[in-house]
2 protein chains.
Amino acid sequence: MESDILDSHGFLIGEELEGDDFHYVEEDQKNENIGPSSIPYPSSTGSKNNDLIRNSRIGELASNKAGLQGIDKEKVKQIIYEASKNSAFYLNEEKKDEALSIKLKQMMKKYESLKKQNLSTINSKVDNLVQVAERERDLSHIIVHIDMDAFYASIEERDNPSLRNKPMAVGDNSMLTTSNYEARNYGVRSAMPGFIAKKLCPELIIVPCNFDKYRAVSKQIREIFSRYDPDYTPMSLDEAYLDITKYLDTIDESPDNVVEQIRREIHEETKLTASAGIAANKLLAKICSDLNKPNGQYRLQNNVDDIMNFIRPLSVRKIPGIGRVTERILNEMDIKTCGAILDNRVYIHQMFSSSSFNFFIRAALGIGSNIVKTDHKRKSKSISRTFSSLSKPDDLYEKLRELADHLAADLLKERLQGKTIAITFKLVNFKMITRERSVKKYIHTADDIYNIGKQVIFININRIIPLQTFESTLITFINRF
Amino acid sequence: MESDILDSHGFLIGEELEGDDFHYVEEDQKNENIGPSSIPYPSSTGSKNNDLIRNSRIGELASNKAGLQGIDKEKVKQIIYEASKNSAFYLNEEKKDEALSIKLKQMMKKYESLKKQNLSTINSKVDNLVQVAERERDLSHIIVHIDMDAFYASIEERDNPSLRNKPMAVGDNSMLTTSNYEARNYGVRSAMPGFIAKKLCPELIIVPCNFDKYRAVSKQIREIFSRYDPDYTPMSLDEAYLDITKYLDTIDESPDNVVEQIRREIHEETKLTASAGIAANKLLAKICSDLNKPNGQYRLQNNVDDIMNFIRPLSVRKIPGIGRVTERILNEMDIKTCGAILDNRVYIHQMFSSSSFNFFIRAALGIGSNIVKTDHKRKSKSISRTFSSLSKPDDLYEKLRELADHLAADLLKERLQGKTIAITFKLVNFKMITRERSVKKYIHTADDIYNIGKQVIFININRIIPLQTFESTLITFINRF
DNA sequence: ATACATACC
DNA sequence: TACTGGTATGTAT
DNA sequence: ATACATACC
DNA sequence: TACTGGTATGTAT
């Protein structure tokens, strides 16, 4: 009787939502200062069949990134769609997209009601906040963002001349990490599964990853960076920020020439090309480094007018931290450029959290951190492996054991310990579920990780197995604060 | 085996903390704009025996509020202590105080380490935030806070002349809501149990509450308020804010004279006295209304210098929203006055959340809301009753039934519905525990409340009964957002 | 504290 | 046949 | 979402 | 004999 009432009112227990998002490739970055990595959600409307390809997750694979000019985008989309449409992966993407649509619709409802309101009282408050941001502007540093061109692919080409001038990618049949520019002309790019890339370009050569080699080259270029800024920050094997302000004080050279020289040294010592952006802060430098890619550089002067003229017409999507989802939300609000962010600051203020508002405003003003020297403290350490579907708990425990051993070894290397363990299961339908547990004392041994993980799996075994057996397990070791 | 590991790492489940705080009396307020009602925690050090009386919850009963000047505070403390020391209530207060001590100690650790640091880089950021607050200052309104003097007690005296000039209080043997000024001279005050008050003043006359009468008088004074500001906001039966700016435009009178006139009309029509504060905003008006109590008023000019000179030497405890606990935290940081808040803004910024920082800074600048007209939306509706200890679940369900019926009737009057039900149990040792449940659909009927409540009790029955049977049940009906 | 989403390489 | 692996951070409950 | 603390009348 | 009843809001998990 009571439980009838309870069920009919549906206690908020164990509700299920959807999965995760796409990813790119590579490794080793120091992910920081790239703004809020989460902001509400959007999506297309009906999102049936080809529509999804057109304007969402999968469609993005055929977007207008570098190297895709002049090719038949529609044809690329069509081929990707044909190769994907009945896969579990694609079905899951569709599901996620539908969830997104619902949330976007709700946001738009709020937005429409906002447009009808008189927001003049909020205006001055918002303008105040913009002024506060403006006061953070600091034009006293020259920051450089350097990014190797098609890093892994270029290394492989360099070391095997027979690969040159042919469409080629690094990775394997299930996932590519990098493609060279010839391959990009076919629509082949990173984060694309190799078997789909082959449909786009049957003559594509796929070279397996050789991380030891990439790390060695990375070490070379980092040595070069340190000549110009001993406190440079590497963001990944092929990318770094430099503050060359002090270096410039020691010589009589323009920033442009210094960066030319860095890129020249890189080329001389590695036979590889790099692109660079030069600007007043990391945000702008990063945006700039993409502009004259490959093998080019772009200088944005440390001058408010130049910065504002540069950023105003820029697509919001160019802002690191604004991805596919956030771009779509903004687009729905008719905000396509950074200038429009500023113009719509009152709506942005009402629609988003204060931290998102600050992120958007600072980006649209071209204001960002110019602190390059960082003593980065790792916040989590994780390991994951994809394996073919399992159906017996014991098989899963065995995988857990392997991952726990591996993770514990990694933790030991850095003398890390933590209090929270998260396990992510990827089901065969590509749905991801995460379960985490916090303990009172710091732990780090494989046994501790395994035992806690086993308990977590055991408790959730019914959520995992019956749905459809799992595909992969990600153990994340999280150190909160 | 696994569960051994798990236990030894102590999963963070079902940990128990401590209870609740003291309260005053009366009813009917529109609690708003009184700042963050929570900020970390502090306490004394050893807190043994009489120490607790001296500097904590119970000691506060004998504090230096209006009416207590010139009496022997030490003697009052001693009598309260003797009357309390072995009670379950007092034991619980001691427990809470110990928990507080631990947390305060931790805060001080952080504070000490902060003092050793060079905080110059944060300085300008904090100064910016202070400027942002300063820009909110608005001196264009004249706000009045009116507060009846010893409201319930004065009404009883008025209606029964034999009570006059004798120590008297309103309430009952277990709890007093108001005391007259004669009684206050003995240390008798609101929120004190009657039986303890009798120890302080054996000849004390205790008159039972007569809410219907108080409500009728409240109606009278509200009618007067509305003559001066039709949009006045009542905060309780005996207290209100008025914005007399517009009224002043219609006549040629000073604010002081207008408020004299309001108080005169109150006295003429009710034979009761009121005190008032007149200032640029609600925060300041409220502080001012306490200054010339009883039967007086205080005007603070709408002028930055006057406001700053007024607020600078003011004890932080005078700020509504800073209670016993927060005062203690601040005192530990050597912050006793509002001026000291400003002087220590960088430490405040580092020690507290941004919302607490903003609250402190605005208070210390004398900046507050001057919006009186509010269409207040109720966020919760609750009912609670104290009853003697029960030990059978069925007895508790029966109480639940009564409270649910009552609450549902109240909800119906205001056409309210909600999605969350909270039940608070007060155990015989005065420990309070809360358990809440959210449901998906809005509910409002007694049956729904009862059934959900019963389920909640059922699930937690082992947490309640074995500990020591419960004393009272508070059902709160919460409407989130 | 948990679960999940977004984003970057 | 077949859609990774790693880290950070924001939002919602 | 849940549990609890602080604060006000 | 005996320490309320009501509402809001902040913090921590």
Side-chain angles (χ1 to χ4, degrees), chain A residues 12 17-21 23-32 34-41 84 87 89 171 173-175 177 190-196 235-236 238-239 320-326 353 355-356 378-386 430 432-436 438 474, chain B residues 12 17-21 23-32 34-41 84 87 89 171 173-175 177 190-196 235-239 320-321 323-326 353 355-356 378-386 430 432-436 438 474:
Chain A
L12 299 176
L17 275 171
E18 294 314 312
D20 179 273
D21 190 59
H23 294 299
Y24 287 53
V25 193
E26 252 98 341
E27 76 151 18
D28 181 40
Q29 77 289 13
K30 263 183 199 169
N31 231 325
E32 60 157 31
I34 31 168
S37 299
S38 194
I39 289 158
Y41 343 91
S84 305
S87 66
F89 178 83
N173 240 341
S174 3
M175 188 50 59
T177 67
S190 12
M192 178 180 279
F195 70 92
I196 288 180
M235 299 301 288
S236 63
D238 78 320
E239 213 182 297
I322 298 185
R324 187 183 57 79
V325 171
T326 310
S353 73
S355 96
S356 293
R378 168 186 295 286
K379 296 191 181 66
S380 70
K381 182 87 197 152
S382 70
I383 182 166
S384 71
R385 216 58 57 184
T386 293
F430 281 90
M432 316 262 295
I433 71 173
T434 307
R435 291 294 175 266
E436 70 176 73
S438 293
L474 168 73
Chain B
L12 299 175
L17 275 170
E18 293 315 310
D20 179 272
D21 192 58
H23 293 298
Y24 288 52
V25 192
E26 252 97 342
E27 76 150 19
D28 181 40
Q29 76 289 11
K30 266 181 196 170
N31 227 327
E32 58 158 33
I34 29 167
S37 300
S38 196
I39 290 161
Y41 342 92
S84 304
S87 67
F89 178 83
N173 240 342
S174 4
M175 187 50 58
T177 69
S190 12
M192 178 179 280
F195 70 92
I196 287 181
M235 299 301 289
S236 63
L237 287 185
D238 77 321
E239 212 182 296
R324 187 183 56 81
V325 172
T326 310
S353 74
S355 96
S356 293
R378 170 187 292 288
K379 296 190 182 68
S380 71
K381 182 89 196 149
S382 69
I383 182 165
S384 71
R385 216 59 55 184
T386 294
F430 282 89
M432 317 262 295
I433 72 173
T434 307
R435 290 294 176 266
E436 71 176 71
S438 293
L474 167 73

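Per chain, numbering begins at 1; letters A, B, ... match sequence-line order.
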May I ask which nucleotide in the shown strands pairs with D:dT9, Watson-Crick or G-U wobble, both distances under 3.5 Å? C:dA5

Of all the nucleotides listed ([options]), which has the minimum atom distance to the side chain of [X]?
X	options	result
B:Ser384	F:dG5, D:dC3, F:dT7	F:dG5
A:Thr386	D:dG5, F:dT7, D:dT7	D:dG5
B:Ser382	C:dT6, F:dG6, C:dC9	F:dG6
B:Arg378	F:dA8, E:dT6, E:dC4	F:dA8
B:Ser380	D:dA2, C:dA7, F:dT7	F:dT7
B:Ile196	E:dA7, F:dA2, F:dC3	F:dC3
A:Met175	E:dA7, D:dG6, D:dC3	D:dC3
A:Phe195	F:dC3, D:dC3, E:dC9	D:dC3

Suppose you measure atom [atom1] in [N] against the same atom in [M]; what distance do you get, rounded to whole Å?
N	M	atom1	result
C:dA1	F:dT11	C1'	13 Å
F:dT9	C:dT6	P	31 Å
C:dT2	F:dT13	P	11 Å

Roughly, in whole Å, what's the span from [atom1] in [X] to [atom2] in [N]?
X	N	atom1	atom2	answer
A:Met432	C:dT2	CE	P	19 Å
A:Glu436	C:dC4	CD	P	10 Å
B:Met192	F:dG5	CE	P	19 Å
B:Phe430	F:dG5	CZ	C1'	14 Å
B:Leu237	F:dG5	CG	P	17 Å
A:Met235	C:dC8	CE	P	12 Å
B:Lys381	F:dA8	NZ	P	9 Å
A:Glu239	D:dG6	CD	C1'	15 Å

Is the distance from OP1 or OP2 of [N] to the nearest side-chain N or O of [X] less than 4.0 Å?
X	N	value
B:Ser356	F:dT11	yes
A:Ser87	D:dA2	no
A:Ser355	D:dG10	no
A:Arg324	C:dA7	no
A:Ser438	C:dT2	yes
B:Ser174	F:dT4	no
B:Arg435	E:dC4	yes

Considering only heavy atoms and no angle criterion, is a donor-acceptor pair shorter than 3.5 Å present between the side chain of B:Ser84 and the base of F:dC3? yes

In this structure, CD1 of B:Ile196 is separated from OG of B:Ser174 (nearest 0.5 Å) by 11.0 Å

Donor on one side chain, acceptor on other, A:Ser87 and A:Ser84, under 3.5 Å: no

So what does B:Ser353 touch, heavy atoms closer than 4.0 Å: a base, only the sugar-phosphate, or nothing? sugar-phosphate

Closest heavy-atom pair, B:Ser190 versus B:Thr177, reported as atoms and distance to 0.1 Å, is CB-O, 2.9 Å

